[in-house]
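In each ligand, atom 1 is the first atom listed, and ligand 1 is the first ligand listed.
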Amino acid sequence: MRILLIGPPGAGKGTQAARLAAHLSIPHISTGDLFREHIDQGTELGQNALTHIRGGFLVPDEVTTGVIKECLARPDTERGFLLDGFPRNLAQAKALDGILADSESRLDAVLDLEIPEDQVVSRIAGRRLCRQDREHIFHVDYSPPEVAGVCGFCGGELYQRDDDREATVRRRLEVYRTETAPVVDHYQAQGLVTTISALGQVHEVLNRALVAIGRGQVDASGTSS
Ligand code: AMP
């Protein structure tokens, strides 16, 4: 399956994308994670991306689309993929349409995660990521690690993202409203969008996503039924 996951900052996109992709055995491609890897490795692309990410702005389209084009050319994406955080504006959506048309493939579903804006800042302020594996995401209140500051999966150090500070989050929300929301309309016109509430337990949101794409269900432990 070829799926897009769209949603404002704080909707739990990264958490859901990782679980959904694992459940469907398809690669999880997150542009945010790819940029953070480049930043950690000190590449030129990473340095360039960081100046935009720090301010809560989008990384320029030519950089972002180049990164995605490279990913979608990999053989492991032939049988499907889950894109998390791309496309984030109409130009990127049109670029993706072109990449897919060139490979004679098409999207199966676009999942639009919805969350009231007043929940966003508190959700993001408490978010902590694992330095060793970015797919391991915690929240100091809603999904705390057993030992503060330590990843319960691999023992890695937990940290707060640079762009998760309140002023930057507000800028990211503004960018979402003006640039990313029109992407949902673009795919709505193609009949691909299902809107899903991002409220509730992680497995409840995951089940809404699975129902939307016509797949099974999981229980609270993540086991399929
Ligand atoms: P995320 O991890 O998806 O929240 O992304 C973190 C930051 O990376 C965003 O706030 C943007 O600055 C940048 N970014 C991620 N994906 C994109 C994209 N598709 N286009 C432009 N910038 C992006």
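Residue Arg172 approaches ligand 1 through these ligand atoms, each under 4.0 Å from one of its heavy atoms: 4 (O), 10 (O). Numbered from 1 in the order shown, with element, the atoms of ligand 1 that lie under 4.0 Å from a heavy atom of Lys13 read 3 (O). Interface atoms of ligand 1 facing Arg36, defined by a heavy-atom separation under 4.0 Å, are 2 (O), 6 (C). Close contacts between ligand 1 and Leu58 involve ligand atoms 21 (C), 22 (N) [criterion: under 4.0 Å to a heavy atom]. Less than 4.0 angstrom separates some heavy atom of Phe57 from each of these atoms of ligand 1: 11 (C), 12 (O).
Counting only non-hydrogen atoms, the option in Arg88, Gln92, Arg54 that gets closest to atom 3 (O) of ligand 1 is Arg88. Checking Ala93, Gly14, Gly85, Ala91 against atom 19 (N) of ligand 1, the nearest heavy atom belongs to Gly85.
Between Leu100 and Leu107 the shortest side-chain heavy-atom distance falls below 4.5 Å.
At a threshold of 4.0 Å, the pair Arg134-Asp40 counts as salt-bridged, since one of the basic side-chain nitrogens sits closer than that to a carboxylate oxygen. Of the charged side-chain nitrogens involved, none lies within less than 4.0 Å of a carboxylate oxygen, so that Glu174 and Arg170 do not count as a salt-bridged pair. Between Glu117 and Arg177, at least one side-chain N (NZ, or NE/NH1/NH2) sits under 4.0 Å from a carboxylate O, which counts as a salt bridge. Between Lys94 and Asp97 no salt bridge is recorded (no basic side-chain N to carboxylate O distance below 4.0 Å). For the pair Arg172 and Asp164, the salt-bridge criterion is met [side-chain N within less than 4.0 Å of a carboxylate O].
Closest protein heavy atom to atom 23 (C) of ligand 1: Phe35 CE1, 3.7 Å. Counting only heavy atoms of the protein, atom 16 (N) of ligand 1 lies nearest to Thr31 OG1, 2.7 Å. In terms of protein heavy atoms, atom 18 (C) of ligand 1 is closest to Thr64 CG2, 3.4 Å. Protein heavy atom at the shortest distance from atom 6 (C) of ligand 1 is Arg161 NH2, 3.4 Å. Summary of contacts: the protein heavy atom closest to atom 22 (N) of ligand 1 is Val59 N, 3.0 Å.
Between His52 and Phe57, the distance separating the two ring centers is not shorter than 6.0 angstrom.
The proximity of Asp33 to ligand 1, defined as any non-hydrogen pair under 4.0 Å, does not occur for either the backbone or the side chain.
One hydrophobic cluster holds both Val183 and Leu72 under the rule that ILVMFWY side chains link at heavy-atom gaps under 4.5 Å.
Side chains of Asp163 and Thr168: a donor-acceptor N/O pair is absent below 3.5 angstrom, by distance only.
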